[in-house]
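The structure appears below as structure tokens.
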Amino acid sequence: MIEENFDDINITLFLDRLNKNIYHNYNFEKTVELNQVIKVDQQESIAGRVLLKRTLGNLIFMNISDMNGNLQISIDRSSFENFDDLSNNIQLGDIIGISGITYLTKSGELTLRANKCVPLRKALIPMPDKHAGLQDINLKQRYRYLDLIYDHSQRKKIQARQLIMQSIREFLSDYIEVETPILQNIASGAAATPFSTHHNALDTELFLRIAPELYLKQLLVAGYNRVYEMNKCFRNEGIDTTHLQEFTMLECYTTYISYEKLQDLTVNLLQFICEKISSIQEVKYNYKNIERISYVDLLARYNINYFEINENNIRDIALSHNIDVNIYKSYQSLLDAIYKKCCINNIVDPILVYDYPRHPLSVPKDNNFSYQFQIILKGQEIIKSYLELNDPCIQYENFRQQLDVLNTGDTDAVRMDTNFIKALLYGMPPAGGFGMGIDRVATILTDSDNIRDTLLFPLMKW
RNA sequence: GAACAAUUAGCUCAGCAGGUAGAGCAAAUGACUCUUAAUCAUUAGGUCCUGGGUUCGAUUCCCAGAUUGUUCACCA
């Protein structure tokens, strides 16, 4: 037995509205979008939601709105035998279709004078305040569809996000966009805690991917030279203003590319995105000249000498920067904490930092560093890139070392994926790849306080 | 995970040093043919988030819980 729970909907609210005509009209065809009505003396048909209504006896003005724009329409008694029905039944929030001829009102506003008015669907629940809309952040996120009707700054954030994704696809037009599995047997490719689930038919535990990386590299083995994926990844970790449990990641791979060209590629992409975004809003960051600096030099800029740090003094150095040394288990994570606290947090304009300490999936440069770089913007790592490790023996050994980390109880390590090792054994061409968190870029470029502002429907507990 | 804050009419918000709550918008009724959040008059609308406690009496004070937010911590 399935029971629906409507407890949170106050039925008495819409009894009033149920007494009105519930419209069932499905054949109205509009001729233009609301923002395409620009000239007088045009016969047009438009449709949308009634957001404002002013009744002046025998004349009604309404403002019709949707995501494309808004338009004032007028209905006068002399044009309609059923004027009283229309006047009485159309309420704020209803969706109506209007045909008529455009004209300028006495105050000069372009208006569609209706000679046909077809109510299309009634709003049975009263709409939010016609001016203020939703203000409660809880309600704004929970009922985003209402929020988007009223909050134009929220619309703009969503629009910017869409433009970012669109411009990425445009920039990568000579790459092939692919889809790789989201449900995976092993969630590898990054160091994070995955969501797990169960597949009934196969009776097996599955994980939601934390990164598409290892599958995309298998496509390099297959012979794809330029490939990318932009889609959801999932990490079962804390939620805050810069982290989501479900986020959109771009990962892009290019074979036979040099370290320097890889840097150029990511810088050009970021600049391309910023240019596109600046067509709809100001970009506050100096993205035109992006400085490139090595990891060691960046540390030095903040008075930290990388080569003087060792196992013996790192805890003292961390303590001197007010870092809680008990939280970080390994030398690497402690070093990373120092780097973030002392350097990253101070960065505002985009900067490219290269030659990071060794990473289990990247090509090592020497004993300390790998061919890895990141682009930092407003204190956040928005692009992470490296030359891809394609030596199966070193890769296997790196996975083995990560297993040791996992065995210490730390759940955040890159998990062993022997299928990936097998693919590497067949030979993966040299390649460079990068990843970019779309949500974070959108958050920063739209000047949002919370990463959830860039989502249509952020996760809520119901 | 911790601290702090918020939750009052459908929405936006007042208010109550402890005595059963108000406004604007929305809705209903009426007036009005050029309004721009139209205006004017009248009406109706409440589990003051939930559960305990203190009290003659709790929306208000205390405790616990729920949801949401912010900060910190964790997580690239």
Side-chain angles (χ1 to χ4, degrees), chain A residues 8-20 50-63 70 72-79 83 87-88 91-93 103-111 113 123-143 146-147 149-150 190-194 210-211 233 235-245 247 249 322-324 326-329 332-333 336-337 339-341 344 356 359 372 374 376 379-384 410-414 435-437 440 449-450 452 458 460-462:
Chain A
D8 63 333
I9 298 177
N10 185 349
I11 302 292
T12 59
L13 265 182
F14 57 81
L15 284 181
D16 281 348
R17 289 180 174 242
L18 283 170
N19 289 331
K20 305 287 185 184
V50 178
L51 288 191
L52 295 172
K53 179 186 175 192
R54 298 172 289 281
T55 308
L56 296 82
N58 296 316
L59 177 67
I60 306 170
F61 288 102
M62 292 188 226
N63 291 69
N70 59 76
Q72 175 168 272
I73 62 110
S74 68
I75 298 173
D76 57 275
R77 182 182 290 278
S78 58
S79 305
F83 180 84
S87 176
N88 184 41
Q91 295 176 297
L92 294 193
Y103 73 109
L104 289 180
T105 61
K106 285 179 182 173
S107 57
E109 178 160 346
L110 184 64
T111 301
R113 177 183 282 124
L124 290 175
I125 296 181
M127 300 296 283
D129 187 287
K130 66 185 181 187
H131 185 58
L134 293 180
Q135 293 293 329
D136 185 319
I137 295 171
N138 185 5
L139 297 182
K140 282 168 75 73
Q141 297 189 3
R142 223 169 263 281
Y143 304 104
L146 287 178
D147 188 32
I149 291 172
Y150 295 94
T193 309
I210 55 176
C233 293
R235 296 185 184 180
N236 202 346
E237 290 167 349
I239 300 173
D240 63 29
T241 53
T242 60
H243 292 80
L244 294 166
Q245 60 292 315
F247 62 100
M249 178 137 83
N322 293 321
I323 291 166
D324 184 353
N326 296 318
I327 293 166
Y328 300 96
K329 296 180 176 101
Q332 278 303 328
S333 60
D336 201 43
Y339 161 72
K340 278 179 184 164
K341 177 130 190 185
I344 295 294
Y356 271 77
H359 174 277
Q372 184 196 165
Q374 298 187 357
I376 316 293
Q380 293 188 53
E381 302 155 352
I382 58 162
I383 290 178
K384 176 176 177 176
D410 193 340
T411 56
D412 292 312
V414 183
M436 180 168 124
R440 284 188 178 179
D449 295 327
N450 193 323
R452 294 156 71 84
M460 305 295 286
K461 196 168 178 181
W462 289 84

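Residue numbers begin at 1 in each chain, while the letters A, B, ... track the order of the sequences.
B:G46 and B:A27: their C1' atoms are spaced 16 Å apart (whole Å). Atom P of B:A31 sits at a distance of 41 Å from the matching atom of B:U7, rounded to the whole Å. Taking atom C1' on both B:G19 and B:G52, the two are 22 Å apart, rounded to the nearest angstrom. Taking the P atom of each, B:G15 and B:C56 are spaced 30 Å apart, rounded to whole Å. Distance check on atom C1': B:A14 versus B:C25 gives 15 Å, rounded to whole Å.
Not one side-chain nitrogen or oxygen of A:Asn138 sits closer than 4.0 Å to the OP1 or OP2 atom of B:U68. Phosphate proximity of B:U35 to A:Arg54: absent, as no side-chain N or O sits under 4.0 Å from OP1 or OP2. OP1 or OP2 of B:A26 lies within a sub-4.0 Å distance of a side-chain N or O belonging to A:Lys130. Side-chain N/O atoms of A:Asn88 include one lying less than 4.0 angstrom from OP1 or OP2 on B:U29. Regarding contacts with the backbone of B:G69, a side-chain N or O of A:Arg452 is found under 4.0 angstrom from either OP1 or OP2. Put simply, A:Lys461 has a side-chain N or O that comes within less than 4.0 Å of OP1 or OP2 on B:U67.
A:Lys140 comes within 4.0 angstrom of no nucleic acid atom, judged by non-hydrogen atoms across all strands. Heavy atoms of A:Ser74 sit nowhere under 4.0 angstrom from any nucleic acid atom. A:Gln141 comes within contact range of the sugar-phosphate backbone alone, with a heavy-atom separation under 4.0 Å but no base atom that close. Using a 4.0 Å heavy-atom cutoff across all strands shown, A:Asp336 reaches at least one base atom of the nucleic acid. Among the heavy atoms of the strands lying under 4.0 Å from A:Leu56 is at least one base atom, whether or not backbone atoms are also near. Among the atoms of the strands shown, only primed sugar atoms or phosphate atoms (P, OP1, OP2) are found under 4.0 Å from some heavy atom of A:Leu134. No engagement by A:Gly437 is indicated, since no non-hydrogen atom pair under 4.0 Å with the nucleic acid exists. Here A:Asp449 lies out of heavy-atom contact (under 4.0 Å) with every strand. A:Gln91 comes within 4.0 angstrom of sugar-phosphate atoms only, judged by non-hydrogen atoms across all strands, and of no base.
Comparing B:A28, B:G10, B:U33 by their nearest atom to the side chain of A:Pro126 picks out B:G10. If you check B:C32, B:G69, B:C34 against the side chain of A:Lys106, the one that comes closest is B:C34.
One atom, CG of A:Asn322, and another, C1' of B:A73, lie 14 Å apart when rounded to the nearest Å. Atom CG in A:Asn236 sits about 13 Å away from atom C1' in B:C74, given to the nearest Å. When the C1' atom of B:C32 is taken as reference, atom NZ of A:Lys53 falls 14 Å away, rounded to whole Å. The CG atom of A:Asp147 sits 16 Å away from the P atom of B:U68 (whole-angstrom rounding). Taking atom CD on A:Gln135 and atom C1' on B:C25, their separation rounds to 13 Å, with Å as the unit. Straight-line distance from the CG atom of A:Leu51 to the P atom of B:A37: 13 Å, rounded to whole Å. In this entry the distance linking NZ of A:Lys20 with P of B:U29 reads 5 Å, nearest Å. Here B:U12 presents its P atom at 10 Å from CG of A:Leu146, a figure rounded to the nearest Å.
Base pairing of B:A58 is not made with any nucleotide, judged by Watson-Crick or G-U wobble geometry with both donor-acceptor distances under 3.5 Å. Across all strands shown, B:A17 forms no Watson-Crick or G-U wobble pair with both key distances under 3.5 Å. The base-pairing partner of B:G1, taking Watson-Crick or G-U wobble contacts with both distances under 3.5 Å, is B:C72. In a base pair of the Watson-Crick type (N1 to N3 plus N6-O4 or O6-N4) or a G-U wobble (N1-O2 and O6-N3), with each distance short of 3.5 Å, B:G30 is matched with B:C40. Under the Watson-Crick or G-U wobble criterion, with both distances below 3.5 Å, B:U7 is paired with B:A66. Searching all strands for a Watson-Crick or G-U wobble partner of B:G46 with both distances below 3.5 Å returns nothing.
Contact of A:Gln72 with B:U35 (side chain to base): a donor-acceptor pair of N or O atoms is detected under 3.5 Å. At a cut-off of 3.5 angstrom, counting only N and O atoms as typed in the model, there is a donor on one side and an acceptor on the other between the side-chain of A:Asp240 and the base of B:C74. Judged by distance alone, with hydrogens and angles left aside, A:Asp129 brings a side-chain donor or acceptor within reach of the base of B:G24, the pair sitting under 3.5 Å. Between the side chain of A:Glu109 and the base of B:U36 there is at least one donor-acceptor pair of N/O atoms closer than 3.5 Å.
Looking at heavy atoms from C-beta onward, A:Asp147 lies out of side-chain contact with A:Gln141 at the 4.5 angstrom threshold.
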Problem - Verdict with reasoning, A:Asn63 to A:Val50, per side-chain contact (heavy atoms from CB on, under 4.5 Å) - result: CA-CA 6 Å; A:Asn63 291 69; A:Val50 178; over 6 Å; no
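Looking at A:Lys140, its side chain never comes within 3.5 Å of a backbone N or O of A:Gly133 through a donor-acceptor pair. Checked by atom type and distance alone, the side chain of A:Arg54 never pairs as donor or acceptor with a backbone atom of A:Phe61 at under 3.5 Å.
Screening A:Gln245, A:Arg142, A:Arg452 against A:Pro458 for a side chain to side chain contact (heavy atoms under 4.5 Å, CB included) leaves a single residue, A:Arg452.
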